[in-house]
Each structure stands twice: as C-alpha cells, then as structure tokens.
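Protein chains get the first letters and strands the later ones, always in sequence-line order, with residue 1 at the start of each. These values consider heavy atoms only, across backbone and side chains, with no hydrogens, waters or symmetry-generated copies.
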There are 2 protein chains.
Amino acid sequence: MARRTQGTSAGLDRERIAAAAVALVDRDGLERFGVRRLADELGVDPMSIYHHIKGKAALLDAISEAVLAEVAPAAHDASHGWQEIASRTAHAYRETAYRHPQVFPLLATRAQTSPVALAALERLVTAMREAGLPDQVVADAPMTLFGFLNGYLMAVLSGGSGGGGAMPAIDATTYPTMAALAPLQAGFGSVEEFDRILGTALGGILDRARAAGGGHDVRSV
Amino acid sequence: MARRTQGTSAGLDRERIAAAAVALVDRDGLERFGVRRLADELGVDPMSIYHHIKGKAALLDAISEAVLAEVAPAAHDASHGWQEIASRTAHAYRETAYRHPQVFPLLATRAQTSPVALAALERLVTAMREAGLPDQVVADAPMTLFGFLNGYLMAVLSGGSGGGGAMPAIDATTYPTMAALAPLQAGFGSVEEFDRILGTALGGILDRARAAGGGHDVRSV
DNA sequence: AGACGAAATCTACAACGTAGGTTTCTCGGT
DNA sequence: ACCGAGAAACCTACGTTGTAGATTTCGTCT
C-alpha cells in the first residue's frame, strides 16, 4: 500500500535504513527481524536495500553502530578523574542498553571498532594513565570493564522485555544459601544493583593498581 | 544414504540428539546450524527430532545444557576457601568455553537454571558466607563473577576461531594512548590475561567486603 | 493374532536471504 | 530541448529454513 511506484527515488540511504532497522528490532525483536520485513516497513522492495548495505550481516553491523552512537559521550571535560569517566561511561552505556534491550545482544557479540567506541576508550585509558596507574592495569581495563558490562547487562536484559524477574524461584531445600540470599536480589536490574557491581569492578582495578605499586597518585577519586 | 529405512527405531533420544547438535555446531558454527542439517547428520528425517525436542529453541537449550554439563565441577571438597572455589570454577568454565567457542554465545545469552549451574553457585555462595562476607556482597557475587566471565569470554572468542588477534590495528596518531598500550595486550586470550582480569574481579569483591566491614575472617585466601 | 501407543516418516507451506536481469529516474553536456 | 550515462529501485526466481498435519511402521502386551 505504502509501496512506492516503481522507479521513484524513495530517498533511501544508509542512515535512514539503519534508523528503521533499529526501530523494527526494538518493536519485534531480533528473531523476527529480516530484510523483507524491513523493506515492508520502509515501503520499499527488499532488493533496494542491497544497494546501500551489502547483506544481512552488514545490516546488523549498521544497527549496532547506530545504537552505539546514541551512547552519550562521557563528559569530554578532562578535569574528571578516571573513575568519574568510567562511571559516567558505564551509566551511559547502561541507559542505551535499556533503551534498546532487543538490540543489545548485537553490541555484546560484535567487536566494536567504530570511532565513537575507540574515542571513548582512548579518553578512559588516557585518564587512567595520567592518574599514574601501572600500564598493565590500564591495558587490561577496557576488557575488564566492558567485559563485565556486556556480561551483566546481557544477563539482566535477557529476562524478557516485560518486567518479570529472571530468577525462576529457587528451591529452598536443595539450595538453602541461595534461597536465603534471594531477598537481597530483589532489585534485579535496578540502578542500585548496577552501581554496586560497577563499584566492585572499579574497586578491583584500583586495588590491583595499589598492589602493583603504581605511580604517584594511585589513591583517591 | 545413511538414512534409515522408514520406521526402524533409530535409537533417537534427547541425549544423543544434543551430543550430535553440539558436534555439529562445533564443526560448522551456529549460523549454519539447523534442524535439517542435524537430521542429516543423524541419518534421520527432520521431523523425527521433534518427537524428542519441541522446536529449535528447545534444541538450542539442549545444546547449552549439554555443554554446561561438561564444566568440571570445582572440587566438591569444602576445605577450600571461596577464592579457591571461584577461581577453579572460573577456569573450568573458561576451558569449556575454549573447547566449544561456537557454542559459547548460547551460554552467555541464555539464563542458566540447570541443576549443575545452580549447584555450583550454591557451593560458591555458601563458602563465601562461611568466610563471613556481608550478605549483600555474597548476593551480588554470582552476577559479578559470571557477568564478567561471560562478557570477557564472549569478546575473546568472537575473534574468529582461527587464532588471529581481534585487535584491528589501532591508528597511533588519533589514539596515541591505546597504541602505546597495544604491546601489553599481546597475549590476547591467554590464560595469563584471564588470570589478571579474574584477579581484578575477585579483588574487587574482597575489597568491597572489607569496606562493608564484614564478619570475622574477611581477609586472606 | 490383533490392538495400541510411541516413534519415525512424508507432504506441504509460508517465510527467508539474495543472485541476476530489467525498468525507471536524475542529471550534466551539448 | 535533447541525449546518453549512471544510479537507484524493482521483479523474478532459486534454494533453504522451521514446522504443522496426516500417515506409516515398529515394539509390546494381551
């Protein structure tokens, strides 16, 4: 119905396609996503898309790139310490993930080499180095931080888009300790939980830096 | 050719199917995996599989369950401290992941509720609690640890099954710090790297326990 | 022998990704 | 005002996928 009469330039370009693809995945999920459905959404023939994007794999790349670009860059302001930068970046990442839960698996799965991602990492490691952290600790930091972020967010977001917790009622007699701890896991997916775990990760980095006997100003914010 | 003549009981059951599925994914990858190919492999009609497993989703569940069962249970011996248990479990998990790199995305994506997984967690949290760590720290530990494990292993294993590093040559002029640190990321995917990052995570947990002023014996192995 | 439930199979369909060829629009040079 | 070139959109077609539904065959018990 909305399909263009043949030949008229429908104003298709990579950006418009990516935006529509993100919207479609947000709505119907990754499983249901496909070239044909996307074409329908755009009111366009499936094959038209191939003139701008090479194939489905490239389409998925475009989606994750577009979503990643939404991550608010953590204050370019260099006056913040590395922990501040790391925390801001992590929270921005989390918020974007929550905004596009269905897309997130793509982010966690694909190696991110886009300029935005690299620029963010560069800012972080630079700040860490200036704070005097040992080089090896700084070199490991991106993997440590984003490994944790991706794994944690994946776990949290896999629990259905609805709202029900993902914990499937633990049997108290066979797993007594876990059952006893269950109440403390009430805020599953909450910012508070995120902050606690993020704090643990950053604390671990700081701790390792101290142990390795880094530069001058290892302690403090 | 290997196809059974119709009707003979081919001795199909959930276990045999899962084993063949794992082998198939190991060989051809997740993308190429499908019900029909699996049926071919088993010398069986595609529809036969549906008599033992409800659909493709359930098939993927069976795969990840089978692989997870391979994880060597960390010494049931209760004489070890929680850090020992955590470390052993993490290494066993890593080894299984490396044995089935193509399957791993399934493990990281799906919420694990199988008895083996829960039993392992129960052992860990029990040991942590006995060591006197604060309840909230213990409650967060599984997410912290497995979040990190899944995220890190996902990143490492996504770099093609071959052996080439995943780092795509960083431009030294636009990202000077990262370029300077590149040599220190040489052993990408190595046990040493894994140990460093695992140590950071465990250190973070210990640190947080100390800060929260836990029970009696917070310090030490 | 005959009946019954479980297991394996056959048939069929809608949806998918995309290669190859054809039509139509846009636009600069004359 | 015309034309030719190149890009953008489209149509057709093929092989493959997941799986619903009906059908056949087997092993087992009476």
Can you tell me the distance, in whole Å, between the [atom1] atom of [X] and the [atom2] atom of [N]?
X	N	atom1	atom2	answer
A/Leu42	D/dC10	CG	C1'	15 Å
B/Leu12	C/dA8	CG	C1'	9 Å
B/Arg16	C/dA8	CZ	C1'	13 Å
A/Ile53	D/dA9	CD1	P	12 Å
A/Arg14	D/dA8	CZ	C1'	17 Å
B/Ile49	C/dT9	CD1	P	10 Å
B/Asp45	D/dA22	CG	C1'	13 Å

Query raised in the report: Counting just side-chain N and O atoms, does A/Ser48 come under 4.0 Å of either OP1 or OP2 of D/dC10?
Result: yes
Query raised in the report: Does OP1 or OP2 of C/dA8 have a side-chain N or O of B/His52 closer than 4.0 Å?
Result: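 Checking B/His52 against C/dA8: at least one side-chain N or O falls below 4.0 Å of OP1 or OP2.
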Could you run down the sub-3.5 Å N/O contacts of the protein with nucleotides 13-19 of chain D?
residue: D/dT17; atom: OP1; partner: B/Arg37; partner atom: NH1; Å: 2.9
residue: D/dG18; atom: OP1; partner: B/Lys56; partner atom: NZ; Å: 3.1
residue: D/dG18; atom: OP2; partner: B/Val35; partner atom: N; Å: 3.0
residue: D/dG18; atom: N7; partner: B/Arg36; partner atom: NH1; Å: 2.3
residue: D/dG18; atom: O6; partner: B/Arg36; partner atom: NH1; Å: 2.9
residue: D/dG18; atom: O6; partner: B/Arg36; partner atom: NH2; Å: 3.4
residue: D/dT19; atom: OP2; partner: B/Tyr50; partner atom: OH; Å: 2.6
residue: D/dT19; atom: OP2; partner: B/Lys56; partner atom: N; Å: 2.9
residue: D/dT19; atom: O5'; partner: B/Tyr50; partner atom: OH; Å: 3.2
residue: D/dT19; atom: O4; partner: B/Arg36; partner atom: NH1; Å: 3.4

**Report entry** Geometric class of the B/Tyr93/B/Phe104 ring pair [parallel <30°, tilted 30-60°, perpendicular >60°]
**Finding:**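 Answer is perpendicular, since the angle exceeds 60°.
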Query raised in the report: How are the rings of B/Phe194 and B/Phe148 set to each other: parallel, tilted or perpendicular (split at 30° and 60°)?
Result: parallel
Quick one: side chains of residues 55-69 of chain A, donor-acceptor pairs under 3.5 Å with protein atoms, not counting sequence neighbours, listed by atom name and distance.
residue: A/Asp61; atom: OD1; partner: A/Arg110; partner atom: NH1; Å: 2.4
residue: A/Ser64; atom: OG; partner: A/Asp61; partner atom: O; Å: 3.3
residue: A/Glu65; atom: OE1; partner: A/Arg14; partner atom: NH2; Å: 3.2

Requested in this report: Please list, chain by chain and in numerical order, all residues satisfying side-chain contact (heavy atoms from CB on, under 4.5 Å) with A/Glu70, sequence neighbours excluded.
Outcome: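 A/Glu70: side-chain contact (heavy atoms from CB on, under 4.5 Å) contacts with A/Thr96, A/Arg99, A/His100.
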Query raised in the report: Side chain of B/His51: nearest nucleotide among C/dA7, C/dC10, D/dC10?
Result: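 Selected nucleotide (nearest to the side chain): C/dA7.
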Query raised in the report: Would you call A/Glu84-A/Arg88 a salt bridge at under 4.0 Å N-O?
Result: yes
Requested in this report: State, without any angle test, whether B/Thr200 and A/Arg208 hold a side-chain donor-acceptor pair at a distance under 3.5 Å.
Outcome: yes
